[in-house]
Structure formats: structure tokens, C-alpha cells
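Contents: one structure, followed by commentary.
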Amino acid sequence: EVFQVSESTVRRDLKELEDGRLLKRTHGGAISLQSVDFEPNMVDKEDSYREEKERIARTAAELVNQGDTILLDSGTTTLALAGELRSRSGIRVITNSVIVLGELKDCRNIELTIIGGLLRPDTQAFVGPMAERALDMIRVDKAFMATNGLNVREGVTTPNLTEAAIKRKMIDISKQVILLTDHSKIGGIAYAKFADLADIDTCITDEGASVSMIGQFRKQGL
């Protein structure tokens, strides 16, 4: 009734999703096979939705102005943004991401600061009290954030508590918070919440995102 499709269409779609190991059908419904603490490694994430991430990155780069101090969170979409910024000059980039560091380390035109701390191999991100204390010392114009889940009810989430803590600190020190996420994360919920929708100023996603869900986010002021 909601989507104006037949029951046979729903059953067929659910079967295709189950065959693709995306869910398990149950009596009267289905459940996700990915638990809230599921976290793909960086290689898997980099290979998924590559074109969408590149388009998101190009759009995000348009928001970076000369003289800006920006913070790049750890993630494959923020890595794509770093690539878009390589030719820029007159900007300052701060990151806790080893892969973003690798992308920008030879750019003499960019002032680059790496936030150290405890390294998480899965995300190649520095986290923990040392990283949070380093962020306490600075303020930035714009933070470009990554996420594992963006949900109208549950907000913005990630699978790891220490990762959530550093993301929360990034939001606290930023004048403007810009969330970069491909459509696969929209509607998702991970284990650790790091932001409410009200904490995010702008979200950049791709055309694969549900129009109705985007409408719900806009009603919440995002």
C-alpha cells in the first residue's frame, strides 16, 4: 500500500535481496544480515560505489574556499575529496586519516596537519584520548565527515565507540559540519551514535538515495 506495488513484487524483491546475502526473509518480513557493529575494511569500502563517491567529492570540493581551515574525517569519500583538493592552495587541512595523509603529504601548496593517537587498522584512523586532546587545541571552518549510517530516527552512527568519540570531537570544534555519504548508508544504523541530525549542517549524497527518505531528512532541518 505504501509503495503501490503488488505482494508478488515484494516477495520477488525480498528473494533477490536474500539471494544476494543482504537480508534474511522471516515470517511476514525480513531482517538485515549486517549487525550494528559490522565494519568493512578500507579496501572493501574503497571498491564500493566508487563513481558515486567521486561525484560526491567533486561537489564537496566546491564548498572549500581559499583561506579555509578544514578537517577531513577518515573514510573513502573523504579520501576522494582529498584528491580533489590536491591542486588547491591557501587552505589548511587537518586529518586523523593515514590514507588522507598519504594522498596529500607531497602537496607543498597545502598546510597539512595529522592528528596522532591510537591507530585503528580497519579504518586507518587515529583515535583515542591523545587524538581528542589534539583536536581540543584547534578550531576549523568546515569538517567533512564520513559515516556508516544516517537514519531519521537514530541520527548518525558508526560501528566503533572510539571512532564515534573522535567524530563527536570533530563536530564540536567545527563551525560547519558537512556529511559525505553514498546512498547505501542512508537509512542504516550502526552501533555507536556520534551525532544528531541537528548537528549536521549539510549532507551530500548521490542520486541513488531514496527521494522519500531525503524528504524526511529535510523535514528535520537537514
Cationic N near anionic O, under 4.0 Å, D106 to R86: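 Salt bridge flag = yes for R86 with D106.
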Do [X] and [Y] touch side chain to side chain, with heavy atoms closer than 4.5 Å?
X    : Y    : result
F217 : I186 : yes
E54  : R50  : yes
L79  : S97  : no
M145 : I200 : no
T95  : F126 : no
D136 : K169 : yes
L150 : L197 : yes
F194 : T147 : yes

Closest non-hydrogen atom pair, V98 against L119: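 So the two residues come closest at CG2-CD1, 3.6 Å.
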Pair K167, T158: side-chain N/O donor-acceptor within cut-off below 3.5 Å: no
Expected output: side-chain T69 to main-chain D141 donor-acceptor under 3.5 Å: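 The answer is no, because no donor-acceptor pair under 3.5 Å joins these two groups.
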CA sep, side-chain torsions, deciding dist, call: E7, R11, salt bridge (Lys or Arg N to Asp or Glu O under 4.0 Å): CA-CA 6 Å; E7 290 185 14; R11 291 193 189 97; 3.1 Å; yes
Heavy atoms of other groups near R133 CZ, more than 12 under 6.0 Å: no
